[in-house]
Amino acid sequence: MASSTPPYSINTSKPHQSPHPNPKSHLHKQQKRPHRLQSSPSMLSSSSYNSASSAHGKFLTPSSSTSLQSHHLSLPLLGPEFRRSRTTKVISKRNLSSPRTYFSQTRSASAAAVDITARLLCSSLDDIQGLKGILGSFQHKLKIPEDYCFVLHELGNRDKCPPKALAFFHASIPLMRNSTEKGKLLTAVIGILGKLGRHDLARQVFDFGLSQGFGNTVYAYSALISAYARNGLSSEAMSVFSLMKASGVRPNNISYNAVIDACGKGGVDLEITVGFFREMLQNGICPDRKTFNSLLAGCSHAGRLEDARILFDEMIDLGIGRDIYTYNTFIDVLCKGGNMKFAVEVIPDMLSSYIQPNVVTYSTLMDGYAKLERHDEALNLYMEMKSMGIQLDRVCYNTLLSIYVKSGRYEDITRVCEEMEVIGIDKDIITYNSLITGYGKQGRFDIVSYLIRDMREKGVASNVLTYSTLMDIYSKAGMYEDAANVFFDFKESGLKADVVLYSSFIDVLAKNGLVKCAVWLLDEMQQIGIEPNVVTYNTIIDGFGKSRFFVEGGIGNGMAGGKANCNQIVRIFGNLTKDIIQPMVDVATKKSEDLFCILGLFQRMIQQRVKPNVVTFSAILNACSRCDSFEDASLLLEQLRLFDSFVYGVAFGLLMGCRDAWLRAQSLFDEVRCMDNSTSSAFYNALTDMLWHYGQRRGAQQVVLEGVQRQVWENTWNEFTLDLHLMSSGAAQAMVHSWLLSMSAIISKGQKLPQVVSILTGWGKHSKVTGASPLRRVIQTLLNSIGAPFHLERFNIGRFVSPGAIASAWLRESGTITLLLLHDERSQPSSPLTLLPSLQALQL
DNA sequence: CTAGGGTTAG
């Protein structure tokens, strides 16, 4: 095609994924077309993953760097010394030995330990004296240190109250007889605090141990590394690991496993993670199955399917063996890549190794299907799991809930909640966030408020996702002031913001045309070290020209050059919701300032190497439609060239009425069609709107027909019914023309129209007021202007109807066809003029 | 010391 490879790929992959764009494609949608298999199609061609044809020994020698493999780990992961230094049996056996469990600790605990635990569980927190009293009365019966560790574990597992565990620790330390015993208690409390998500307290108590001279042990360091690992704080874990070595404490295999685990979870570059692994080998410490499982999880996180498969195979070759964790992690890698076919094929493999799939296996697979929107298959697995007698746990319930939320099966949400209640599974923050999303989507803000109160009562702490979710649901409902208040509440929460939180609030601002405010927020987030991603930018670009309210003194002027200021934003939103409509000082000035802002954004995107995707293009096209002049729009469109000359060529060509652009447009349309419906229809809507807006009405019509041919808008076009509810106003208007023309063609062939022909506009997707659909008004105006004999149905204001006979008579009138035919304001001569097939079919 | 779940643009 006429394109050179664009400097950026067009895709809508999530920023944290590592895309491997199909080099042939301009447009690429990750969610629907997982890329992992594309990069190496033969990778899993055998149903047996450890077949002889697989990559034996790849970890032992640097892999030959073929183009397909160059992005895989080409590493001598295991040097020859590893092979010699161990027999596979020793490692296998070590892994098979029963792990030290909570159960074994329970057995070692004395009756007194069980008693004091019960007492402490019902004692109140603020009563430190009481705690000391209880401890004093049991002291002589408690075994040191085992019983104390047992109590700590119990408090952690059952009470889930970090301060109480901490208080018990501090009260118990003086009772320990030496550093070793103190160290054991310290390790226990660090582990518990880490488990409870309080890595901050874990660090404090660790530092306390160090200062008191009993913390400088391999156990304490490992526990702290693991505490950070659990909470996804990989850099902290790595720095503790360094500190450990600097303090002269030699890491053991648990320390290495913990740091490798932290890296895998925390999204550390896989090469760095593997670096720890190599170091481990160099220091003569044997990796075990957990090491490999953690490495595998690292591959999963990084989306490196091929590396995961190599590891998965190597585990057998090296005699490490696989366990349920190995299989589940590997299945997860496949699910993350969307390769469900292969993911389910792992099950027979597991069974032949006498490992039964468990609730984790099922929830992984269910979620894999759900991510591909294959909800039915996900629910089938749920049924299968139930029939196998596998009890759902909290994670699995949450997975199920998210499937119901995504698929809009709201009545099932209630059922699942009741079921959880009956079984005695408490909702956690993920459950609450899902429920908030679900009920928010239904507009049940009463239930949302109840959920927030309920969380507070049950002591479940909100997290940053709760706030982003709330902002999103309020924003989608047009409750912008509520959305803004969520952001200000967040600032007082003391939680750490992330890119999604900022993007959500920026979206709220952008939806109200507050482009400048949005850019201030962009600055603010960068100042506190949060990098914007393509979503952040797309959101702002899309906000251009959306201003639908006026503010005293103008939004720009009052705060020009200043920083984002909460009070000012509050004031703006206050005015917004009070419907204060005051004349803007100069609307045109604001718009040109905003345009300037947007142009600056493109530069920032390029500087920060944020890759635009098809949504960026849609946003730019929409922004063009909102420009005050053709010149401004051209200026904006020109920026598209920086990103992708091919897409630019098509858009600009169509805008200028170049017939030649249609050939390239065809291939662009085909690429867009490979993406999911909402993504592609948004692009068609944006492109059509721009063409329509700038007078290229025949061009707009052609784009719409291309879309119809490719079924971009589901079931939009029937012979006698037109459903416009998924279309933008330009697209809808172009569509009405085409549809009426096609009916006219039908009539001219001698066919009769049915009793009633109708046009559906829906009620408007994001309209604040029911029935106040802008689309409906646009269509009404259009129908009036051409004198089409349609009227709104009495009890369905989203539907225009006309008796077939009347429509037919109107279409037969002499001037009607002329009215319906669309023309371009600009056209440029083309080399052999060809009518598009879609237009020929309509005999236009 | 190892596995699975929740959020953003169109």
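Just so it is clear, the values below take in all heavy atoms, side chains as well, and ignore hydrogens, waters and symmetry mates. Throughout, protein chains are lettered first and strands after them, A, B, ... in sequence-line order, and every chain is numbered starting at 1.
The base of B/dA9 sits with one of its N or O atoms less than 3.5 Å from a complementary donor or acceptor on the side chain of A/Asn613. Counting distance only, with no hydrogens placed and no angle test, the side-chain atoms of A/Asp428 and the base atoms of B/dG6 include no donor-acceptor pair under 3.5 Å.
In the set B/dG4, B/dG10, B/dT2, B/dT2 carries the atom at the smallest distance from any side-chain atom of A/Lys290. Listed nucleotides B/dG10, B/dA3, B/dG4 differ in distance to A/Asn358; the shortest reach to its side chain belongs to B/dA3. Residue A/Ser402 has its side chain nearest to B/dG6 when only B/dG10, B/dG6, B/dT2 are considered. Candidate nucleotides B/dG4, B/dA9, B/dT7 were compared by shortest atom distance to the side chain of A/Val615, and B/dA9 ranks first. Picking from B/dC1, B/dA9, B/dG4 the nucleotide with the shortest atom distance to the side chain of A/Asp288 gives B/dC1.
The salt bridge (Lys or Arg N to Asp or Glu O under 4.0 Å) analysis of residues 357-369 of chain A, with sequence neighbours excluded, yields the pairs A/Asp367-A/Lys371. Sorted by first and then second residue, the salt bridge (Lys or Arg N to Asp or Glu O under 4.0 Å) pairs involving residues 392-401 of chain A (not counting sequence neighbours) are A/Arg394-A/Asp428.
A/Lys386 pairs by the salt bridge (charged side-chain N to carboxylate O under 4.0 Å, His left out) definition with A/Glu419, not counting sequence neighbours. The side-chain hydrogen bond (donor to acceptor under 3.5 Å, both in side chains) search around A/Ser407 returns none, not counting sequence neighbours. For A/Ser618, the side-chain hydrogen bond (donor to acceptor under 3.5 Å, both in side chains) criterion is met by no residue, not counting sequence neighbours.
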Candidate pair A/Ile403 and A/Arg409, rule side-chain contact (heavy atoms from CB on, under 4.5 Å), full reasoning: CA-CA 8 Å; A/Ile403 292 168; A/Arg409 296 172 62 151; over 6 Å; no
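Between A/Lys371 and B/dG6, a side-chain N or O to OP1/OP2 separation shorter than 4.0 Å is present. Between A/Lys265 and B/dA3 there is a side-chain polar atom (N or O) within less than 4.0 angstrom of OP1 or OP2. For A/Lys476, a side-chain nitrogen or oxygen approaches OP1 or OP2 of B/dA9 to under 4.0 Å. OP1 or OP2 of B/dC1 lies within a sub-4.0 Å distance of a side-chain N or O belonging to A/Arg230.
Contacts between residues 361-370 of chain A and DNA chain B, defined by a heavy-atom separation below 4.0 Å, involve A/Ser363, A/Thr364, A/Asp367, listed by number.
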